[in-house]
Amino acid sequence: MLSRIPHKRHIAKTITWRFVGTMDTILLSWFISGNPFVGLKIGVAESITKMVLYFLHERLWIRFNIRESRKRHLLKTVTWRAIGTIDTIVISWIISGNPYTGLKIGFAEILTKMILYYLHERAWYRINFGLDKIHRARKWRRTS
């Protein structure tokens with residue numbers, strides 16, 4: 001059933017999450033590095049890699065047969081954060097030239113991004129964009 005969710009919904013989720021995630025990355029990178037241009041460079045580089053990784057993560061989770069629930073959203077949050085943190089550390093290290101800066105930025109994002117991602121997942125669970133009428137009816141019966 002879940003695999004029938006159209007790509008346009010996942011593309012929209014990818015774009016909205018990337019905006020939230022990139023703003024968080026830019027601000028944290030600027031704060032930690034002390035350089036707004038380093039923060040901006042890391043944010044721009046991540047926006048490319050993370051959109052691809054996020055879309056693939058969404059499509060992979062469709063294949064798991066875990067019913068929609070808070071547990072599923074928490075599991076998705078943890079798996080996405082692991083992927084995202086590794087990506088952030090590598091990109092931050094490359095751009096700043098300092099592995100410790102990469103680690104600081106990556107670990108600082110763990111908490112902020114998990115909270116933001118969980119809230120993003122919960123918001124999209126309530127949005128019907130891209131769902132057919134049958135899917136919407138099933139979803140609302142479960143939450144009522």
Side-chain angles (χ1 to χ4, degrees), residues 1-33 36 38-96 98-144:
M1 267 188 290
L2 289 175
S3 61
R4 298 178 62 146
I5 295 174
H7 285 81
K8 71 179 181 178
R9 180 173 174 86
H10 293 145
I11 290 168
K13 278 181 74 176
T14 300
I15 292 167
T16 58
W17 171 248
R18 194 62 264 138
F19 177 78
V20 171
T22 298
M23 294 310 296
D24 184 54
T25 298
I26 290 169
L27 293 173
L28 283 173
S29 298
W30 176 4
F31 177 75
I32 290 168
S33 72
V38 168
L40 194 57
K41 286 178 191 176
I42 292 169
V44 169
E46 262 197 4
S47 66
I48 297 164
T49 60
K50 290 262 187 358
M51 275 208 278
V52 172
L53 292 171
Y54 184 85
F55 180 79
L56 295 172
H57 183 258
E58 279 293 303
R59 296 309 297 171
L60 182 63
W61 265 92
I62 287 300
R63 298 185 188 280
F64 295 126
N65 193 18
I66 300 173
R67 71 175 188 82
E68 290 292 328
S69 66
R70 290 183 194 273
K71 179 181 174 182
R72 181 177 195 273
H73 295 152
L74 283 171
L75 287 171
K76 280 182 73 177
T77 300
V78 170
T79 58
W80 172 245
R81 192 64 257 137
I83 293 165
T85 297
I86 292 166
D87 185 55
T88 297
I89 290 169
V90 171
I91 288 172
S92 298
W93 178 359
I94 291 168
I95 290 174
S96 72
N98 184 335
Y100 297 113
T101 299
L103 286 169
K104 285 183 208 174
I105 293 168
F107 287 119
E109 279 192 349
I110 289 173
L111 183 60
T112 60
K113 289 283 196 316
M114 285 182 82
I115 292 167
L116 292 170
Y117 183 84
Y118 180 80
L119 294 172
H120 183 262
E121 275 295 301
R122 294 301 299 162
W124 269 96
Y125 182 67
R126 297 181 183 280
I127 296 171
N128 288 325
F129 177 79
L131 297 178
D132 60 22
K133 290 177 186 176
I134 295 169
H135 237 93
R136 285 193 296 264
R138 283 187 190 133
K139 184 170 94 172
W140 288 111
R141 269 183 284 183
R142 281 195 308 259
T143 59
S144 308

- request: To the nearest 0.5 Å, tell me how far His120 NE2 sits from Lys76 NZ.
  value: 9.5 Å
Pairing residues for Ser33 by the side chain to side chain donor-acceptor pair (under 3.5 Å) criterion, not counting sequence neighbours: none
field: Heavy-atom donor-acceptor pair, Lys113 side chain to Gly21 backbone, under 3.5 Å
entry: yes
task: Step by step, work out the side chain to side chain contact (heavy atoms under 4.5 Å, CB included) result for Leu56 and Leu60.
output: CA-CA 6 Å; Leu56 295 172; Leu60 182 63; over 6 Å; no
statement: Correct closest heavy-atom pair for Met51 and Thr14 would be O-CG2, 3.6 Å
task: Kindly indicate whether the side chain of Ile42, heavy atoms from C-beta on, has any atom under 4.5 Å from the side chain of Trp30.
output: no
field: Interatomic spacing from CH2 in Trp93 to OG1 in Thr101 - rounded to 0.5 Å
entry: 11.5 Å
query: If you look at every heavy atom in Ile105 and Ser92, which pair is closest and at what distance?
result: CG2-OG, 3.6 Å
Minimum heavy-atom distance Arg9-Phe129, with the two atoms named: NH1-O, 2.7 Å
field: Non-hydrogen side-chain atoms of Trp17 and Trp80 separated by less than 4.5 Å
entry: yes
message: Under 6.0 Å between ring centres: does that hold for Tyr125 and His73?
response: yes
statement: The reported gap from CG in Leu74 to OH in Tyr117 (rounded to nearest 0.5 angstrom) is 11.0 Å
field: Minimal non-hydrogen separation, Ile89 against Gly106, with atom names
entry: CG1-CA, 3.7 Å
- line: Value for CG (Leu103) from OH (Tyr100), rounded to nearest 0.5 Å, stands at 8.0 Å
Test side chain to side chain donor-acceptor pair (under 3.5 Å) applied to Tyr54 and Arg59, step by step: CA-CA 9 Å; Tyr54 184 85; Arg59 296 309 297 171; over 6 Å; no
task: Rounded to the nearest 0.5 Å, what's the gap from OG1 on Thr25 to CD1 on Ile32? Could you check?
output: 10.0 Å
- line: The complete set of salt bridge (Lys or Arg N to Asp or Glu O under 4.0 Å) pairs with one or both residues in residues 77-96, sequence neighbours excluded, reads Lys50-Asp87, Arg81-Glu109
- prompt: Any sub-3.5 Å donor-acceptor pair from Thr16's side-chain atoms to Lys13's backbone N or O?
  reply: yes
- prompt: Does the side chain of Glu46 come within less than 4.5 Å of Thr22's, by heavy atoms?
  reply: no
query: Between Trp61 and Arg72, what is the shortest heavy-atom contact and its length?
result: O-NH2, 3.1 Å
task: Inspect the surroundings of CZ in Arg70 and state if more than 12 heavy atoms from other residues, nucleotides or ligands are less than 6.0 Å away.
output: no
- prompt: Is the closest side-chain heavy-atom distance between His10 and Ile62 below 4.5 Å?
  reply: yes
query: In chain order, what residues pass the salt bridge (charged side-chain N to carboxylate O under 4.0 Å, His left out) check against Lys41, with sequence neighbours excluded?
result: none
task: Output the distance between atom CD (Glu58) and atom CG (Leu53), rounded to the nearest 0.5 Å.
output: 12.5 Å
- line: For Thr112 and Ala108 the tightest heavy-atom approach is OG1-O, 3.7 Å
